[in-house]
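The next block holds one structure in the form of structure tokens; read it before the comments.
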Amino acid sequence: MDSAEFDIFGGVTTDYYDQAVIDLPSRWKPMTGWWEARMRNGLDPYSKYTAARIDTEIVAYARNGEPFPGVNFASQDYLNLATEKRVINAATEAAERYGVHSAGSSALMGLTEITLELERKLATFLGVADATVFPTGWGAGYGLIRTLVRRHDHVIIDVLAHACLQEGADAATGNVHRFPHCSNEGVERRLARIRAENPDAGILVVTETVFSMDSDVPDIAGLQAICTHYGATLMVDVAHDLGAIGRGGRGYLEIQGALRIVDIVMGSFSKTFGSNGGFVASNRAELKLALRYGCGPLTFTNAMSPMQAAAVLSCLAIVDSPEGERRRKRLMENVMHMRSSLESAGFQILGVPSAIVPVVLGSNGLSRKMTSYMLNNGAIVNLVEYPAVPRNGCRWRVQMMHNHTLQQIDAFVMTAVAARNAASPAEERILSLETA
């Protein structure tokens, strides 16, 4: 066989002891060509980058360097704390005192006193005994499941839970049971069946407060009661609402009266708290060292930097203050104005009020053309396509910030209406770029 011949997956084959061997990286050549075709046609809205601070008005750049100036509804900085001067000063002071790098894992000597202070204050904020911080939110979700669940255990997980939770479950055990989205009844049916078949099974139930693609929220207090009844452990991801929602900033756990009752809470700092990083919080003291010494994404990677810990601490102080309450109030006013304005314009809006406003567009082709129009006309927004969402259920994930003005929101809605008119379904002629 010719060593330059491609296999059906696009991988180059070579001869190795007369056996065909696939060159793994070259499998991705067809995908790269597909993305480059989208870029040439102005239909690749991903890998945008910035050259200045995140704000409500920015210049974003496409992957090829083309600028897109406009109003920014594509960044996850819900209370605009990432550019708050007090937060920047706190990070700068930490860098001067501790340096810019933790220089070790939390299991060895990567911790600093400021990281430990963050863990204590975060636990107090959530009303639980203890918290453990991670360098990434992904690592917190994935690593927690891998630490808790053994091969013979079971995981019952919402079908739309975040990818880090899905991958953690699949890596931990073959006994993964996905339940219909936000269905407590679905959880109870699965728990009853597992308990009947295996009375001694370890069972972890996994859900979120605000789901980022649909902005909907399950009944957490009811779910915890079901889990307690069947002897299962409940884990809730609060990444998208902690700090940004609720009078006290404790998200939908606060709104539903479920604070302090959930078995284990985990989340991310990257939405409201101005930094990369994540955490696990609970009343189970035995989890601290289990995570420090037995969780791959924490044990075998460098700890959160002191600058990050200082930034999160500064954000937490603002969140847990009257100023934080004022910022959340204004954020929610913006959210409600955006939702009502888009609905009045005939758009389908999903879920309940949160910093994420999901706007359903339809097919891949239509949504790509509408998004291209938005970016070229001063409205910066993120597109989510099939298969990340259902077929013909592509959507904008509009991300709101406290500093948005009503005028900016109105301008976005007007541009969205124009985009819909300019990219009607009858005009879809990009079959060569559609997903098979």
Side-chain angles (χ1 to χ4, degrees), residues 34-35 37-48 55-64 66-75 212-215 333-401 404-436:
W34 183 77
W35 280 110
R38 286 188 64 171
M39 179 59 68
R40 288 192 299 273
N41 285 273
L43 299 171
D44 180 4
Y46 305 106
S47 297
K48 298 184 291 293
D55 205 342
T56 57
E57 292 195 26
I58 61 170
V59 178
Y61 295 86
R63 183 163 54 85
N64 64 358
E66 180 182 353
F68 294 118
V71 180
N72 177 22
F73 288 94
S75 294
S212 65
M213 295 302 177
D214 293 355
S215 189
E333 289 170 354
N334 287 341
V335 168
M336 299 306 294
H337 187 67
M338 176 66 86
R339 291 178 68 93
S340 63
S341 298
L342 285 167
E343 286 176 338
S344 296
F347 287 95
Q348 179 186 357
I349 310 303
L350 300 179
V352 299
S354 77
I356 301 164
V357 180
V359 185
V360 178
L361 304 177
S363 69
N364 282 355
L366 175 64
S367 63
R368 290 168 189 167
K369 295 182 75 175
M370 289 180 67
T371 304
S372 178
Y373 185 98
M374 297 291 280
L375 294 176
N376 284 298
N377 288 275
I380 301 171
V381 66
N382 290 323
L383 171 65
V384 185
E385 302 179 42
Y386 172 83
V389 293
R391 193 182 296 274
N392 297 320
C394 298
R395 66 203 58 177
W396 289 324
R397 195 167 88 170
V398 180
Q399 294 172 162
M400 305 298 299
M401 291 188 278
H404 281 130
T405 66
L406 298 184
Q407 292 76 19
Q408 289 172 332
I409 295 169
D410 291 341
F412 178 90
V413 175
M414 289 178 62
T415 308
V417 171
R420 183 176 58 196
N421 294 336
S424 64
E427 296 178 28
E428 293 185 48
R429 296 189 183 91
I430 53 172
L431 295 179
S432 62
L433 300 178
E434 282 287 7
T435 301

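What you see is a predicted model; the values in this text were computed from it and never measured.
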What are the two closest heavy atoms between Val413 and Ala345, and how far apart are they? CG1-CB, 4.1 Å
In Å and rounded to the nearest 0.5 Å, what is the OG to CZ distance from Ser367 to Arg420? 14.5 Å
For Ser372, run the side-chain contact (heavy atoms from CB on, under 4.5 Å) check against Asn377, Leu43, Asn41, Leu383 and tell me which one passes. Leu43
Drop me the distance from Met401's CE to Asn72's CG, to the nearest 0.5 angstrom. 4.5 Å
Residues in salt bridge (Lys or Arg N to Asp or Glu O under 4.0 Å) contact with Arg395, at least two apart in sequence or another chain: Asp214
Which atom names give the shortest non-hydrogen contact between Ala355 and Val335, and what distance separates them? CA-CG2, 4.1 Å
Rounded to the nearest 0.5 Å, what separation is found between the CZ atom of Arg368 and the CZ atom of Arg38? 4.0 Å
Steps toward side-chain contact (heavy atoms from CB on, under 4.5 Å) verdict (Trp396, Leu361): CA-CA 7 Å; Trp396 289 324; Leu361 304 177; 3.5 Å; yes
Hey, is the main chain of Arg397 close enough, under 3.5 Å, to the side chain of Asn382 for a donor-acceptor pair? no
For Phe412, which residues count as a ring-ring contact (aromatic ring centres under 6.0 Å, His included) partner, sequence neighbours excluded? Phe73
Nearest 0.5 Å, please: how far is SG in Cys394 from CE in Met370? 11.0 Å
Nearest heavy-atom neighbours spanning Ile349 and Glu343: CG1-CG, 3.4 Å
Looking only at non-hydrogen atoms, find the nearest pair between Val59 and Pro67 and report the distance. CG1-CB, 4.0 Å
Gap between atom OG of Ser75 and atom NZ of Lys48 - 0.5 Å precision: 9.0 Å
Gap separating the CG atom of Asn376 from the OG1 atom of Thr371, nearest 0.5 angstrom: 11.0 Å
Let's go through Ile380 and Leu375 carefully: what are the C-alpha distance in whole Å and the side-chain angles of both, what is the deciding distance for side-chain contact (heavy atoms from CB on, under 4.5 Å) to 0.1 Å, and is it a yes or a no? CA-CA 5 Å; Ile380 301 171; Leu375 294 176; 4.3 Å; yes
Under 3.5 Å: donor-acceptor pair, side chain of Ser340, backbone of His337: yes
Looking only at atom types and distance, does a side-chain atom of Asp44 sit under 3.5 Å from a main-chain N or O of Tyr46, one as donor and one as acceptor? yes
Between Phe347 and Val359, which heavy-atom pair has the shortest distance, and what is it? CD2-CG1, 3.7 Å
Do Ile409 and Asn334 pass the side-chain contact (heavy atoms from CB on, under 4.5 Å) test, and can you show the C-alpha distance, the side-chain angles, and the key distance before you say yes or no? CA-CA 8 Å; Ile409 295 169; Asn334 287 341; 3.8 Å; yes
Check whether Ser215 reaches the backbone of Pro358 with its side chain - one donor and one acceptor, N or O, closer than 3.5 Å. no
Looking at Tyr373 and Thr415, would you say the former's side chain and the latter's main chain have a donor-acceptor pair under 3.5 Å? no
Considering non-hydrogen atoms only, spot the tightest contact between Met374 and Ala419 and give its length. SD-CB, 3.9 Å
